[in-house]
There are 4 protein chains.
Amino acid sequence: MTSGVEPCHDIAHLAHVELLTPKLDGSLRFFVDVMGMQETARIGESVYLRGWDDYEHYSLKLSASTKPGIGHFAFRASSPAALERRAGALAATGLGMGLSAGDIGHGPAYLACDPDGHRIEIYYETEWYQPTAALKPALKNQAARYSSNGIGVRRLDHLNLLANDIRGTRAFLENAVGLRTTEMIVLDSGEEAGIWLTATNKSYDIAYTQDHTGARGRFHHLTYAVDSRELVLRAADICLEHGVPIDTGPHKHAIQQTFFLYVYEPGGNRVEVCNAGARLILAPDWKPIVWTEAERARGQAWGLKTISTFHTYGTPDIEPTAAADFGRRS
Amino acid sequence: MTSGVEPCHDIAHLAHVELLTPKLDGSLRFFVDVMGMQETARIGESVYLRGWDDYEHYSLKLSASTKPGIGHFAFRASSPAALERRAGALAATGLGMGLSAGDIGHGPAYLACDPDGHRIEIYYETEWYQPTAALKPALKNQAARYSSNGIGVRRLDHLNLLANDIRGTRAFLENAVGLRTTEMIVLDSGEEAGIWLTATNKSYDIAYTQDHTGARGRFHHLTYAVDSRELVLRAADICLEHGVPIDTGPHKHAIQQTFFLYVYEPGGNRVEVCNAGARLILAPDWKPIVWTEAERARGQAWGLKTISTFHTYGTPDIEPTAAADFGRRS
Amino acid sequence: MTSGVEPCHDIAHLAHVELLTPKLDGSLRFFVDVMGMQETARIGESVYLRGWDDYEHYSLKLSASTKPGIGHFAFRASSPAALERRAGALAATGLGMGLSAGDIGHGPAYLACDPDGHRIEIYYETEWYQPTAALKPALKNQAARYSSNGIGVRRLDHLNLLANDIRGTRAFLENAVGLRTTEMIVLDSGEEAGIWLTATNKSYDIAYTQDHTGARGRFHHLTYAVDSRELVLRAADICLEHGVPIDTGPHKHAIQQTFFLYVYEPGGNRVEVCNAGARLILAPDWKPIVWTEAERARGQAWGLKTISTFHTYGTPDIEPTAAADFGRRS
Amino acid sequence: MTSGVEPCHDIAHLAHVELLTPKLDGSLRFFVDVMGMQETARIGESVYLRGWDDYEHYSLKLSASTKPGIGHFAFRASSPAALERRAGALAATGLGMGLSAGDIGHGPAYLACDPDGHRIEIYYETEWYQPTAALKPALKNQAARYSSNGIGVRRLDHLNLLANDIRGTRAFLENAVGLRTTEMIVLDSGEEAGIWLTATNKSYDIAYTQDHTGARGRFHHLTYAVDSRELVLRAADICLEHGVPIDTGPHKHAIQQTFFLYVYEPGGNRVEVCNAGARLILAPDWKPIVWTEAERARGQAWGLKTISTFHTYGTPDIEPTAAADFGRRS
């Protein structure tokens with residue numbers, strides 16, 4: 001790699017997430033009827049879904065499983081050469097797992113595990129979504145017809161995972177995957193407790209926060225974007241009417257200033273709806289914002305205290321007795 | 001340049017625009033009182049201004065002049081090496097003009113002219129804005145305190161220029177400057193009439209449309225972003241109350257789907273307020289959207305006909321007799 | 001009636017409108033799939049519909065007919081005594097037509113014609129909408145579950161009719177029906193060209209504008225409200241995707257400051273979506289705002305010129321040859 | 001009173017509130033710089049203020065005092081006859097206090113105390129606000145120029161007081177003042193714990209909730225309206241930047257569905273910003289919504305738990321030691 005090539009340009013964007021659910025039908029109904037997403041394929045025990053402006057074949061793969069959690073997540077590389085570079089860097093970490101043949105909708109993917117055991121895929125070749133006649137958009141610069149069903153999410157925004165060694169995970173993501181850290185939480189002890197990284201001008205595409213339970217490979221939430229804060233409020237109204245358990249929000253995070261709504265889908269996974277893209281990171285030399293314990297103790301942007309489940313609940317849930325009432329406040 | 005390095009990564013973002021005005025005081029009052037921007041410096045006949053989340057020292061340089069129009073515009077490079085590569089590529093076109101010593105707020109800039117004669121600067125070294133105590137934001141991941149004065153624009157969004165040879169300009173911007181074309185208008189004759197290019201995940205940072213008058217180096221508009229469409233509507237209410245002439249909008253463009261409001265600042269230049277970033281281009285292999293004459297004849301997204309001044313009025317105005325009533329509809 | 005009783009308190013609100021359509025199925029699909037309304041009954045060639053927060057059984061009766069236009073419209077009286085007073089006042093004008101037996105959802109109504117021949121009904125007894133289990137709202141202070149389908153209109157807002165003698169119509173509405181005029185257009189000749197009247201704290205519930213064609217009893221538009229301007233913009237996006245012809249907007253009226261979107265339903269009637277209730281008339285001694293010809297020539301609030309069809313197109317259309325392309329701009 | 005005259009029509013609307021503050025300068029700065037209100041007069045130790053669309057001379061009288069709290073509040077009657085009827089009804093309760101000479105901006109007022117000792121005034125004659133040239137609105141159907149300073153509140157929306165005997169207070173407000181109850185909280189014991197009443201089509205103009213401390217005549221909050229939920233969110237951003245302590249919100253109440261933000265002004269009084277008027281009560285025979293203890297235990301609309309200070313903090317504060325840190329969460 002020549003000195004002029006920055007690794008942060010090798011990953012184009014977060015491409016899709018595979019979510020595991022013990023209630024495939026219920027989860028599917030949630031993503032279609034409440035989130036307003038479109039089913040594009042169904043293979044075996046997996047259903048593929050997309051938001052109305054996701055340009056690829058899918059951004060969510062919903063797979064039946066005994067427990068909720070994450071199956072894998074995928075980044076799209078910027079070019080075939082970028083994919084090769086990332087494969088080489090991942091292999092060098094010892095966490096690489098070689099090439100897969102790809103899946104419906106995309107070509108060969110290089111597989112790896114992050115240090116906490118979450119499975120990552122990186123691919124370049126993809127199938128652009130081709131709308132059926134009924135879903136052709138009125139404006140040709142849009143992936144598909146705007147969904148006026150339910151919340152009508154625009155596109156996959158980001159993913160949040162739990163991990164044990166946040167500092168080690170950050171080194172892996174920066175150096176091997178090629179992401180940039182934009183914000184982080186550093187405890188008074190010097191320990192890193194949360195990191196937010198990006199491959200784009202969005203202020204983050206993925207976040208990891210500390211798993212206090214000692215479990216590995218757990219999932220915190222995935223997030224779809226709508227166009228404005230008003231539409232996040234509308235999403236809360238819709239969840240209320242559909243009996244979807246609201247975890248917390250709508251409110252504004254201090255970190256990243258995301259306007260958020262967290263709910264639980266029927267399989268037990270936490271799902272977020274946020275506003276898209278008003279805040280962008282344009283500076284090529286952005287220095288990560290470091291939040292201290294004292295600053296985090298102040299709560300969210302407007303003072304809402306972070307609810308305790310936000311720090312403890314992940315999927316799969318490590319306390320089986322709590323599974324029955326996920327979404328209830330402690 | 002090795003095959004793995006794509007030129008589109010050398011430019012980080014549109015950095016600032018120098019606007020010329022025959023009414024410096026009036027223009028300044030407009031940008032401060034109506035747009036809600038902050039003055040950061042004043043040198044000679046120039047005043048430097050920024051939106052509340054512009055991270056550099058300024059994004060607008062307002063310079064006294066006999067006529068309105070554009071002085072120059074600047075991109076920030078992604079790295080010193082990227083700046084060197086762009087300087088080399090610009091020099092090779094014969095349109096390069098060498099290095100300048102920089103200006104307040106940024107380091108040495110490579111100067112060039114686009115084929116229509118607009119002056120471009122590219123620099124890397126910059127001075128991050130350091131808010132005074134009174135302007136320190138409550139949240140440390142924000143450049144300065146949110147402006148609750150007037151429209152309160154967040155950041156510079158894009159620039160639109162008039163040019164004679166759109167096709168040649170596009171080749172120059174793609175190959176020498178290193179931008180990507182995301183949308184364009186191609187007439188039935190095959191002539192290109194408008195181009196939209198980006199250096200980021202924003203769907204465009206700069207646009208050029210055809211100058212039907214034969215004049216050269218003219219300016220169409222510059223645009224500041226607010227966070228939502230509701231805030232663009234509020235901007236229209238504020239312009240109405242301040243007697244700011246509204247050119248057209250609020251409405252939604254078919255091209256790029258920008259929700260726009262065009263007004264005239266007292267110096268005679270067209271200024272736009274748009275919504276920020278809901279629509280992003282994440283695909284690394286985005287194919288430019290090509291709009292035909294027939295498609296353009298349909299008007300804007302919801303059917304508003306483009307007003308005739310939009311196609312004819314630029315600064316400096318080539319019809320002096322029309323200067324007195326800019327902003328009036330034909 | 002004692003001197004302390006003001007007639008303006010006898011009418012509680014605009015209750016429903018009967019719209020005639022030559023394409024009942026198409027019109028029904030529009031109001032259900034695009035407007036997001038709910039069908040509550042179907043009798044003969046009429047279908048009854050409501051918005052999610054309309055508290056009565058219906059606010060729209062859609063009736064098959066050879067031509068589009070209005071069948072009748074109805075006000076709900078404030079009390080049985082108020083209904084009696086209004087019946088007496090209407091009978092005294094010579095335009096009263098006696099009591100009807102009522103319709104599905106409401107009790108006996110006093111019938112009358114306005115001076116232009118539009119049929120008015122006033123009733124007091126009504127059937128409050130009782131949501132089925134599936135449509136029970138999460139919050140008990142709401143008429144039914146929020147509609148997240150299509151535009152999802154909240155409630156009937158107002159009605160606009162065309163008439164020949166605006167001044168005479170105003171006298172009739174103020175004195176016999178018991179409404180208050182809040183705004184009006186008075187031409188330089190002294191002729192009244194438009195009137196806006198209310199029975200509530202909303203700034204208007206009904207408007208009449210001059211019919212320049214000499215036809216009688218014609219309909220201009222009816223309007224449903226959503227909660228914010230952002231949701232009116234979203235309505236425009238939805239209409240665009242559904243191929244619903246947009247007449248004009250979204251934009252803000254100078255008169256009444258309504259944020260409007262006008263479209264055509266498949267039967268040829270004009271339908272508006274507006275924002276609800278931010279502007280209220282609380283003053284009991286509000287003096288009607290009088291707009292002059294010169295003021296009206298300035299266009300809408302932000303300068304949009306009123307399109308010519310807005311002044312000429314009503315239903316039934318008096319120029320049959322134009323019926324084929326309603327919604328097309330002149 | 002004849003049977004056809006309903007007392008609910010005698011009061012036109014909530015007109016103004018006199019707020020007491022031990023920090024007049026700080027409170028004034030808050031209402032002008034943060035809330036964006038306009039000072040219209042200053043007499044002795046009192047300053048008079050209004051929102052940009054309040055049609056009377058003022059809606060807030062800020063008076064210096066040793067402790068925070070409420071001085072009085074005022075309704076405007078619908079007519080001189082209505083004022084006479086209300087004076088008679090109030091006198092009959094034994095809580096009437098006779099006529100005052102009026103204050104700046106309005107004519108003679110009938111004075112009374114509610115059963116908890118809060119002072120009420122009712123008047124009819126008023127001085128419509130006449131904007132100075134600088135504050136003349138662009139649209140003549142608006143009271144004054146839109147305030148683009150700070151939050152820019154439109155108008156006084158409602159008032160919330162604490163009281164000991166809620167049931168007795170409700171009887172007084174319905175029968176003597178002439179308001180209608182739209183929602184209420186009834187405990188399992190049958191005791192009434194909160195009441196919301198209206199004089200208009202707004203769903204409430206005043207609310208009373210139980211004072212658990214045994215103190216009398218205390219104030220809970222007053223509320224100004226902005227046009228949309230997005231503008232309430234913007235208000236929270238502005239309060240954050242100005243260091244205004246946020247009590248709770250933004251969130252949506254289950255009761256009345258108000259989208260709220262509660263903050264503390266420098267004098268220690270709680271102030272709310274809410275969205276205006278999307279939800280209206282049009283039914284003349286609206287039956288009060290009764291909320292049970294179990295329903296209230298569910299928290300706000302989207303599940304936010306009501307913070308404990310909301311139930312305990314009022315002005316004047318009865319626990320002097322707590323005064324120092326009002327606004328801090330328990």
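Each chain gets a letter, A, B and so on, in the order its sequence line appears, and its residues count up from 1.
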key: Which atoms of C:Ala82 approach chain D - backbone, side chain, both or neither, heavy atom under 4.5 Å   = neither

query = Would you say the side-chain atoms of D:Asn141 and C:Gln256 include a donor-acceptor pair closer than 3.5 Å?
reply = no

request  = Determine whether D:Glu230 and C:Arg229 make a side-chain contact, defined as any pair of heavy atoms from C-beta on separated by less than 4.5 Å.
outcome  = no

note = Okay, C:Ala77 and chain D: the region with an atom under 4.5 Å from a heavy atom over there is backbone

remark   = Sequence neighbours excluded, the answer for salt bridge (Lys or Arg N to Asp or Glu O under 4.0 Å) partners of C:Arg154 is C:Asp53, C:Asp227

inquiry  = Which residues pass the ring pair (Phe, Tyr, Trp, His ring centres under 6.0 Å) test with C:Tyr48, not counting sequence neighbours?
reply    = C:Tyr58

task = Ignoring hydrogens and angles, tell me if any N or O in the side chain of C:Lys140 forms a donor-acceptor pair with the backbone of D:Val290 under 3.5 Å.
result = yes

inquiry  = Between C:Glu183, C:Lys202, C:Arg279, who has the most heavy-atom pairs with chain D when the cutoff is under 4.5 Å?
reply    = C:Arg279

ask   = What part of D:Ile255 lies closer than 4.5 angstrom to a heavy atom of chain C: side chain, backbone, both or neither?
value = backbone

ask   = With respect to chain C, which residue among D:Ser203, D:Ala254, D:Ser228 yields the maximal number of heavy-atom pairs within a distance under 4.5 Å?
value = D:Ala254

inquiry  = If you define the side chain from C-beta out and look only at heavy atoms, does anything of C:Leu282 sit under 4.5 Å from D:Thr200?
reply    = yes

task = Can you tell which part of D:Asp285 gets under 4.5 Å to a heavy atom of chain C, answering side chain, backbone, both or neither?
result = both

message = Does any part of the side chain of C:Arg155, heavy atoms only, come nearer than 4.5 Å to the side chain of D:Leu280, both counted from C-beta?
response = yes

key: Region of C:Trp128 in contact with chain D, defined by heavy-atom distances below 4.5 Å   = side chain

task = Could you check which of D:Ala283, D:Ala12, D:Ala301, D:Ala276 has the highest count of heavy-atom pairs closer than 4.5 Å to chain C?
result = D:Ala283

remark   = Okay, C:Gln257 and chain D: the region with an atom under 4.5 Å from a heavy atom over there is both

remark   = Whatever's closer than 4.5 Å to a heavy atom in chain D on C:Ile281 counts as neither

